[in-house]
Every structure is written in C-alpha cells, then in structure tokens.
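Report on the structure given below.
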Amino acid sequence: MVDKIVKCFLIVIACAFALLMLGLPLAAVATYALREGYGVFIAAITDPYALSALRLTLLTTVISVSVNTVFGLFAAWALTRFSFKGRSLLTTVMDIPFAVSPVIAGLVFILVFGRIGWAAPVLSFLNLKIVFALPGIVLATIFVTFPFVSRELIPVLNARGVAEEEAAALMGASGWKIFFRITLPHIKWALMYGVILCSARALGEFGAVSVVSGHLRGKTNTLPLHVEVLFGEFHLTAAFAVSSILMLIAILTLILKTVVEVKGKKEGASAIVELKGKNEGANAIVELNGIKEGSSV
Amino acid sequence: MSDHVRLEGINKTFGGFKASDGVSFSIKEGDLAGLLGPSGSGKTTILRMIAGLERPDSGDIYIADKRVNDIPAGKRGIGFVFQNYALFRYMTVGDNIAFGLEIQKKSKAFIKERVERLTKITGLDGLLSRFPEELSGGQKQRVAFARAIAPEPRLLLLDEPFAAIDAKVRKELRTWLRNTISELGITCVFVTHDQEEAVEVADNIIVTNRGKVEQSGPPSAVYQNPATPFAAEFIGQSEVITEYERLRGFPKISGFQSAVIRPEFIEIRKVGREERPNASQSGVAENIYFRGDRLEIDLLIAGMRVTAKYSMDAESLSPGETVSVVVNRLLLLGEKTVTAQENSLLNDANPIYI
Ligand SMILES: Nc1ncnc2c1ncn2[C@@H]1O[C@H](COP(=O)(O)OP(=O)(O)O)[C@@H](O)[C@H]1O
Ligand SMILES: [Mg+2]
C-alpha cells in the first residue's frame, strides 16, 4: 500500500516536472510564434536573414556531422580493435568536449586561428579566413559534437568481440570487405543513432559558434545566433518563430531517434540474447565443470 | 608421412603472463591431433598462433615445411572453427559458407555447386536461407565447419568444437566429425579440455599445462604411460593417493612420494571369493552408485577413499559391506617422472592363481 503511494507520488512528480520544465517552454514557443498571426510568422521565417541562417546551420551540420562520423568510426575502431599505449588516454581525451564549456572551446579557436592567434601568420600568408567565417563555425561545431558518434559505437563494438572479423580475415578478406560485410551491418543502428544525436547537437550549438562566428548577419549567423539577435532587438515574435523551426527539427530528430532505437533494439536484443544464453553461458559452465568433466561420469 | 605442422620453441606472453612456454610439437600430414589441457593452459593461444591470429614472441612455426611466422593469417590457407563458431550473424547460412569462396573470386556456378555439396556433407539441407540465430548449437557447429572447409584448406583448426553442445549431440557430432575429416583427408588440430573427447577422437594428443607441452603421443600411450605427473593425474579417472605403501603389494619406492590410482586398477570381490588371497586386502564399499553399464563404488581401503568399479553381473554388494580388494597397478609419481608399478605380489609364484 505504502509502496503504491510512493510509486504514484514519484510518477506524478516526474510528470509534473517534465511538463513544467520541458512541455511548457515548447508550448510557449509555439504560442508566442503565432501570437501575431500566421502572416507575421511566415514573414519572420522567410526573412532573408533567417533563410541564410538556416542555410548556414544546415551546411555546418552536414559538414561537421560527416567529418565526425568518419572520425568517430576510425576512433571507435582503433579504441576497440587495437591495444596500444595511451589507449585509455585517448578515450579520455575524446570526452573533452563533454567536459569543456563550449564558450571556452570557441575561445580556444580564436586563440589559435584568430588575428592574434598562433596560426595567424600562416593563415594570412595562405589568405585563409577561419575565425568569423564558415570554417571557424564548422570547426567549433566539430569540436563540440566530436564524441557523439564514437561514444555510441564503442560499447557496441566492445560487446560484439572480434571473432567474426577474425574469421573473415582468416579466409583472406581485405580490411574494407571485413568492414562493409561484417562490421557495418552490426553497428549500423548505433552509427545512425550517433549521427542523429550528433546532428541534433550540431543544429542547436550556440556557445562555441557564438564566439567564433562574429555575428555577421546574413553571413555568419546560424539559426540559434539569429534567434539571439532577434531577441536582443526585441523582435520577440520573430525570435520565437525562428525558434519554432529549430524546435520542429528537434522533434523530427526525436522521432527519428526513437525509430532507430526501437529498430536497433529489436536486432541488437536478439543478438545479445543469443550471445549470452547459448554460447557464453553454456561455454563458461562447460569450462568450469569441464576440467575433469569426462572422468566424473 | 611428413610433418604438416611443426612448432619449435614457441614463447608467447600476454603482459607478463606466459601463455606459451617453449612449446614444441609436430603433427603429421593427415593426422587428427588433439590439444588437451585444463582451461587456461594455453591451448587456444597455440591454435591462434598457428592460424596467424597471434604472433609468437619467439620460436618458429612451420606449415608444410615453410616458416609461416611472417605470413598473414589470410594467406596461410587454414580453416578455423572458432569456439563460439563466430558465424557471420548478418549473413544467411548459405552466404556464410560461400564467404571464403567469394573472397577467392570463384565463379558463381562453382560457389553454388560447392555450397550444395557441403550442405549435403554437413546435413544442412533446407537451412541455407536461415540466419545463424535461428539454428541449434549442433547446426551452428556444422555451419562453422562447412564454412571453414569450403575453401578447401589443407589444415583445419577447431577450438573446443563440442564445448557448447549438449552431451548427447556431442557424441554424435564427434563421430561424424571424425569420419568426415578422415574422408576429406585433411590435417586437423582440435582443442579440448575434455580428456574423454581427446582420447576418443584424436590420433595423437598433445597434453598442455601452464603453457607447456607435458606429453604428446597416441591416446593409448599417453593413457597407459603418462610421462609427467600432470599427465598421469589429468588423463583418466585419476585420483592421487599419498600413502600408497599401505596398499598390499606396493612397497614404498624412494623418490616417489605419491601415486595415481584409477578405477580400472582396482579389483573388488566378495569376501570369500578371492582368486588371489595373498595380494588381497580388505576394504569397505561405502557407497554404491548405478552408472548404467556398471556400478561405481566409493571404496575405503587402508584408510584411503578411492573410486572403484564393479561389474553389474557379479554377485551384488550392499553399501557398507566389507569386500576383498586387489590393486593391480599404480602410477607412481616422482618429482618430474612417472613410473607404472605392477602389484609385486601378483608375479610371485601363486599356486591358486597359476
Ligand atoms: N589476448 C589476451 N590477452 C591477455 N591474456 C590472454 C590473451 N589470450 C589469452 N590470455 C591468457 O593466456 C592464458 C591461456 O589462455 P588460452 O590460450 O585461451 O587457454 P585455453 O584455451 O587453454 O583455455 C589465459 O590465462 C588467458 O587469460
Ligand atoms: Mg580456449
């Protein structure tokens, strides 16, 4: 009885909290965005600055997610398939973006590539502009979203073991063949999940990008930055209208993420059950009992 | 016939742990050899080094008289059946079997024909479009076997091929594997921790312990004349007794502190039915277990508890009954040597026996 009361109480608290902290703001965004009618809403999101911010955001996301997918694959592969000195160090280093405030990450890029930065002479010689331009925004986004893909892949690769890859290698399969025929089918859901999380983060990144972008309207403003600018200029309705685009993308991402999760679980679960139940369990027992098993009959 | 596989002075350590310690042995062409030892004795490590999945720290590996230390795994032409089969779980049974042939860029027709033939040999008809997780343990084992032999390797390595299969099917598979391999005429090395399996299946067994080879030879030789105390204790239903001189007919021999006794060394008779009374001593049949084709007896003799067997056809015994016991043979254990010792009273002139 008491258990039941506690259970209900906790559930109610959790729901109320989620509603208050998550639901309410989302609803507020939607109502505020439409407060002055559809006309204003449409005008705000078709504003040339808004459109160029959307374009920049999408471009940045595509580039940084692609880069992080490739590097995430390499990193996860290296960390799970080879044992080398400094492996645990590398694992820790890869988590730095989770630990460091994005603003600081942005400042680091300014320090390195900015006008007073270490790389400034080289960059000006090559006539390259990184800070306050697309490359800087992309770099900052890559930094912030770096661990997402590899983080999803590492546990899956670890759980799976290397036996299938070894079996293929023994038959003379090349590295590429092994990756595409054996490894990729197994990690595809985890990979997709990582890509989705990475994209969501890249789309919404504010802190690091804010530092390196320079807020050049129509040039280096991403959607989140554009929202901030509008808000700062008291264009509240427009700010919320543009926010609603981000919100829509976020909801789409969530749906996609759920679909991938469910699909991945279906395949992953059966694989894990098979591994645990039939092979490992049985074997471990046989190994344990087996030292003199034959003789005890 | 010549040696197909030869290991010379192989050492391998894993972070300070010696998994292989001066391992040397050879396997003749066409032989079915069993690597036998307790878990952790380094059997898998040896197999993986032969396959090229692991590099020895020192020592040489020869396959068909060619040193293969520097030849990558994929180029050694070896078939390997992994302990947990390692079937490609995202491929059908058919694709699993065909994989090695595809890598070799064989023609579609050739692959189809070969997969069909292997399915017949392995009794996998009708399962080609299934996925590994839809198979039983025995079927998985057969797929792993078919996949390994599809590219026609001259050497096949199997790591604990029957460990994950239940006892009944295991026996059948053993016989089947034995026959199939001898038909194919390939050299084969399999790993097992089950001495019964090794003794039944292998032409030659290699006994490993703590990364070292203790003994190698035909099962009967290893069984009858174990070369090291470990081999004597590990093989057969062996029990170690320390005060063997208390058994009639076995005077203490210096340098041999203990002895291995096996059920088949012990002869139990009803009191009054002795054939060789001068070699007999009395014991107590404390417990009697039914084992299907025979009885197994917990025997208390000269203060020591050992296991003996008793025929189902002989006059019945009841638990706690005093019986008359003759120990025919013991394996005396020295520091590093083993000697088979016959009961000294049995060869003496014995009017009743002779
Ligand atoms: N890759 C590895 N890394 C570290 N230790 C290992 C590795 N492979 C095997 N070992 C160790 O070497 C010893 C022998 O292992 P193994 O060859 O698998 O024995 P077996 O197959 O006889 O059970 C074990 O103690 C095991 O822990
Ligand atoms: Mg093993």
Side-chain angles (χ1 to χ4, degrees), chain A residues 81 83-85 87 156 159-189 264 266-297, chain B residues 38-40 48 51-53 72-91 95 99-104 132-133 136-137 140 144 147-148 150-151 157 160 162-167 192-200 233-238 262 291-292:
Chain A
R81 290 298 180 261
S83 64
F84 51 91
K85 277 214 176 80
R87 190 172 72 161
V156 180
R160 162 201 170 80
V162 293
E164 282 175 52
E165 280 141 16
E166 283 181 342
L170 262 172
M171 287 187 255
S174 66
W176 286 116
K177 190 129 200 154
I178 294 173
F179 178 76
F180 284 108
R181 296 278 315 264
I182 315 286
T183 315
L184 193 59
H186 185 79
I187 60 171
K188 64 176 182 239
W189 293 115
K266 252 189 215 148
E267 284 189 18
S270 54
I272 287 166
V273 167
E274 175 211 17
L275 196 78
K276 280 215 161 145
K278 289 195 194 144
N279 295 341
E280 289 200 339
N283 250 331
I285 290 164
V286 170
E287 286 257 315
L288 276 178
N289 296 341
I291 296 182
K292 294 204 77 180
E293 196 191 48
S295 60
S296 59
V297 177
Chain B
S39 288
R48 289 173 61 84
L53 295 172
K75 296 230 157 65
R76 292 190 190 185
I78 290 176
F80 199 108
V81 176
F82 286 79
Q83 179 159 10
N84 289 326
Y85 315 129
L87 298 179
F88 306 135
R89 71 189 83 166
Y90 290 96
M91 292 185 206
D95 290 343
F99 189 83
L101 301 166
E102 261 174 55
I103 298 291
Q104 293 183 346
E133 63 180 52
S136 73
K140 276 187 202 164
R147 182 180 73 177
L157 310 177
E160 308 262 3
F162 313 105
I165 295 169
D166 51 88
T192 181
H193 60 259
D194 180 345
Q195 45 121 351
E196 193 180 88
E197 187 168 292
V199 168
E200 275 179 29
E233 288 171 46
F234 189 70
I235 313 264
Q237 197 175 342
S238 298
R262 292 176 181 155
R291 291 285 185 243

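What you are looking at is a predicted structure, and each value in this text was computed from that prediction instead of being measured. Reminder, nothing fancy here: chain letters follow the sequence lines and each chain counts from 1.
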Check: A/Arg81 side chain, A/Val162 main-chain N or O, donor-acceptor pair, under 3.5 Å: no
Short side-chain to backbone donor-acceptor contact, B/Arg147 and B/Tyr85, under 3.5 Å: yes
Interchain contact, B/Arg76 with chain A, by part (heavy-atom threshold 4.5 Å): neither
Side chain proximity check, B/Glu160 to B/His193, heavy atoms < 4.5 angstrom: yes
Note, B/Glu200 side chain near B/Asp194 side chain (heavy atom, < 4.5 Å): no
4.5 Å side-chain heavy-atom contact, B/Glu102 and A/Met171: no
Region of B/Phe88 that comes under 4.5 Å of a non-hydrogen atom in chain A: both
Part of B/Leu87 within contact of chain A (heavy atom distance under 4.5 Å): backbone
Region of B/Glu197 that comes under 4.5 Å of a non-hydrogen atom in chain A: neither
Top contributor to chain B interface from A/Ala173, A/Gly161, A/Ala169 [non-hydrogen pairs under 4.5 Å]: A/Ala173
